[in-house]
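Please read all numbers here as calculations on a predicted model, not as lab measurements.
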Amino acid sequence: MAVDSLDTRAAVSVGTMIRDGYGGPDTCHALYCALPRPEFTGMPILLTADENACPPGVVTVDIDSPGMLGFC
């Protein structure tokens, strides 16, 4: 498992998400890493059981969807 480190700007953003009620530090760290950002050129996707709990701009996939379970 790899964990993205946070610079000062990222830490402030995660702290703001925590303050705004998006979850605890681990959840908000994952949300931040799933947001589009200039230093990451790919398309980050967050697997979640509650897609509606994520802030705008986060691309989510339901972790319980048939594709995630190995079925097409």
Side-chain angles (χ1 to χ4, degrees):
M1 175 170 90
V3 177
D4 290 354
S5 61
L6 301 177
D7 60 14
T8 302
R9 179 180 49 186
V12 169
S13 297
V14 169
T16 301
M17 288 181 186
I18 295 167
R19 182 198 66 206
D20 291 347
Y22 285 107
D26 54 345
T27 299
C28 291
H29 187 168
L31 287 172
Y32 176 81
C33 292
L35 289 169
R37 53 195 196 276
E39 66 272 15
F40 183 75
T41 58
M43 170 72 76
I45 298 171
L46 183 67
L47 296 175
T48 179
D50 188 4
E51 296 177 84
N52 297 323
C54 297
V58 175
V59 179
T60 60
V61 173
D62 185 352
I63 200 163
D64 294 322
S65 68
M68 292 289 104
L69 300 174
F71 306 110
C72 293

**Message:** Just verifying a value: how many Å separate Thr16 OG1 and Tyr22 OH, rounded to the nearest 0.5 Å?
**Reply:**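 Going from the OG1 atom of Thr16 to the OH atom of Tyr22 covers 11.0 Å.
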
**Message:** Tell me the closest heavy-atom pair linking Gly23 and Cys28, and the distance in Å.
**Reply:**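 Of all heavy-atom pairs spanning Gly23 and Cys28, the closest is O-SG, 3.5 Å.
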
**Request:** Answer whether the closest heavy-atom distance between the side chains of Pro25 and His29 falls below 4.5 Å.
**Result:**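 Not touching, per the 4.5 Å side-chain cut-off.
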
